[in-house]
Structures are given as C-alpha cells and as structure tokens.
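Everything on this sheet refers to the single structure shown next.
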Amino acid sequence: MIFWAEDIPAAPGRARGRLAPSPTGFLHLGNAWAFWMAWLDARSRGGECVLRFEDIDPARARPEYAEAVARDLAWLGLDWDYGPGAGNGKENPDIFLQSRRAARYRDALNFLRARGLVYPCYCTRKELRDIAGAPHVDDAGAPYPGTCRRLTDAEKKRLEAAGRSHSLRLLCPEKTPWRFTDALMGDREMTLEQCGGDFALRRSDGVFAYQLAVVVDDITMGVTTVVRGKDIQVSTPRQLYLYSLFGVTPPRYAHLPLVTDETGARLAKRHASLTLASLRDAGVWPETILGWLAAASGMRKEFAPLRAREAIKDFSFAAVGAENLRLPPDPAAFFLAAQR
Ligand code: GLU
Ligand code: ZN
C-alpha cells in the first residue's frame, strides 16, 4: 500500500468536486460550461469545491493566467471552499498548484516502479508520430505499440550513450475492459489499447504527466466527483487503472458535451474573441452566458438570463443533452442583442 498524506481533510459522506483549470490561457465559453457544471454538481448535492491549477507544464502555464482564471470564475458566480483565496488552506497555497507538488508525484511514481510497472521509453516524438496507420481514438493519438517494453539493459545503455533521453511509461494490460458509469453518458467500457496503450507517467524533460498528477491530486484532495469535457474521456480508463494500482476507489465521473463554434469546431486558442475576458470587455453579462449555456444544453427551455446559483436547486445531469453546444456565428453580438 501507498501512504497518502491528505492535502485536504476528507469530509466523509459529503460530495467534493473540483475545478481543475490549466492556466495556459484565458478561460473561454467551453471552460465556463465545464466549470459551471462541475460546480453545480457539487453544490446541488450540498458538496464542496476545490480549485486546483494544473500548471504542471512549465513551458505553457503562467501565473498571470492563473490569476485571470480565478477572476473569471468568480465573475461567473462560482466559488470554492479550498483553493487560492478560499481561506481554508491559506497557510499553504502551494498545495493547489501542480507545479509545487512534484514530491507527491514522485512518491506515486516510485510506488509503481517498485512494482515493476514502469519502464523507460526512448522513442523520439518523430518516431511516435511515424507510427502510422494505427487506428486511434479521439485525442489519445496513435496507440503506443510498446516498442521499448522489452529493451535489454545493453540496449538501454546504448541509447543513453547516444544521448537519448527517456520518458517513463506505465505497463498497461491492453485488452482488459475498464467499465465505469458516467453520470451523463451512462455505462462506458473501453480498453487501454483503445485509449493509447502504455501511457507516460513522466515526460523525457522530467515533467510529470497529467494522468499521474490528476489521479494523485484527486486522491489526496478527497475528490469524489470529476466533471469534465468528453474530450478527456479517453483518459478515464487510464486513470481508473491508476486508481486500481493505488488501491483507491475512483471518483464518480461525468463527461460533458463540448461547446463549439458555429461550424462545430471545438473552441481553441484561435477563438480569442470567445474568452470570458473579451466577452466581459464587450459588455456581455455572466448571466447572459450562463443563460445561453443552460438553453443550448437543454437544461432550460428558453434562453433567459440566469445566475450561477439559480440553477443549483433543480440541477440534474439528466436534463443535459448529449449534443455539443453550438454557438451562433458572432456570439458577442448575439449575447449583446439578447441583453437589450
Ligand atoms: N486541466 C484540464 C483542463 O483544463 C482538466 C483535467 C481534468 O478535469 O481532469 O482541461
Ligand atoms: Zn519507446
């Protein structure tokens, strides 16, 4: 067994959700949707919320974004019991920053290593990209074919001597089906092979991988429900496998439909005008945005201004449709017109 030091004291019998933004840019409408749902799910069950910044990638995360994200979440009307500025845990705000939690991730990695489940992978990005023609699931990319699974010590030495750096991968049972009941999508079943095969726990530059960090964090923060976009669903079987190795009961999951632009494309960096900051600057109110999200998702019959807390009382995932939420062509103009 691994000893898990609690970062947030457990609250037995009480739901605890989390908002886990990556501070790599400004929040957009898709983030607003996912975080509002995570918050509503927790609050509607009388539960707590944790705000945690997934700033693990030093090349992409910036403290300015973390500040902007917290401001935007508060502007939407969301709050949190644990996290920067929440009062609780103020004595050690670092626990809410993945960039400060390497010691935790190292302990977990060492536990898996001691069980012989971790191996170095020397494949370059290019080699991995060239694994052509392989079938792949959304976002998981081509499945890793296990090239480095059986390298001999001599081969490893030769690769090291040639100056190759290595990531660390987890040995995965490829054919085992992982089942979970999604609060939104119902019963799901996927194998790890469908989700990309042996996945990385630490990158070749020493940065811990999202999969490991998120599971360690959710365990040590006592998170009981994970609500996030369905684009991350391929990560769930990997995370379930980690929970099983750690001997911890996994949280309940809900994977949400996504917000798209008028062409059906998922929101990304290029949709700069759809950040909450730019909509706010244009004069759009948070109630307008939430009202639109509620109507577009099926939670409300009509598009009318709605405050974050007004949706707590009758919240249920059953009311949320499976279809993505498609924005009109000029969302800012559309929202402003609705406010007149
Ligand atoms: N940090 C991720 C994101 O902002 C969320 C990961 C998760 O919810 O597990 O997309
Ligand atoms: Zn490899």
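We count residues from 1, following the sequence as given. Counting convention: from 1, in listed order, for ligands and their atoms alike.
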Between D107 and R101 (salt bridge meaning N to carboxylate O under 4.0 Å), is one present in this structure?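 No, no charged N to carboxylate O under 4.0 Å.
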So that I can tick it off, tell me whether R300 and D314 are bridged by a salt bridge, with the cut-off set at under 4.0 angstrom between side-chain N and carboxylate O.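 Salt bridge: yes.
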Among protein heavy atoms, which lies nearest [atom], and at what distance?
atom                    : value
atom 5 (C) of ligand 1  : A20 O, 3.5 Å
atom 3 (C) of ligand 1  : S22 OG, 3.7 Å
atom 9 (O) of ligand 1  : Y210 OH, 2.7 Å
atom 10 (O) of ligand 1 : I232 CD1, 4.0 Å

Side chains of T236 and R188: donor-acceptor distance under 3.5 Å anywhere?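 R188 and T236 do not have a side-chain donor-acceptor pair below 3.5 Å.
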Atom pair [atom1]/[atom2] of [X] and [Y] - distance to nearest 0.5 Å:
X    : Y    : atom1 : atom2 : answer
Y144 : D198 : OH    : CG    : 7.0 Å
T224 : R252 : OG1   : CZ    : 7.5 Å
I95  : I8   : CD1   : CD1   : 5.0 Å

Of all the atoms in ligand 1, which lie at a distance below 4.0 Å from a heavy atom belonging to [X]?
X    : answer
E54  : 1 (N), 2 (C), 5 (C), 6 (C)
V214 : 9 (O)
R228 : 7 (C), 8 (O), 9 (O)
R18  : 7 (C), 8 (O), 9 (O)

Where the Zn ion (ligand 2) is the corner point, what angle links SG of C148 with SG of C123, to 10°?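 Rounding to the nearest 10 degrees gives 110°.
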Angular separation of Y144 OH and C121 SG about the Zn ion (ligand 2), given to 10°: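 It comes to 100°.
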Can you confirm whether or not the ring centre of Y210 sits under 6.0 Å from the ring centre of F208?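 Ring centres of F208 and Y210 not closer than 6.0 Å.
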Taking the ring centre of each residue, are F303 and F334 less than 6.0 Å apart?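 For F303 and F334, the ring centres are under 6.0 Å apart.
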From Y122, does some N, O or S atom reach closer than 2.8 Å to the Zn ion (ligand 2)?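 It does not; every qualifying atom lies at 2.8 Å or beyond.
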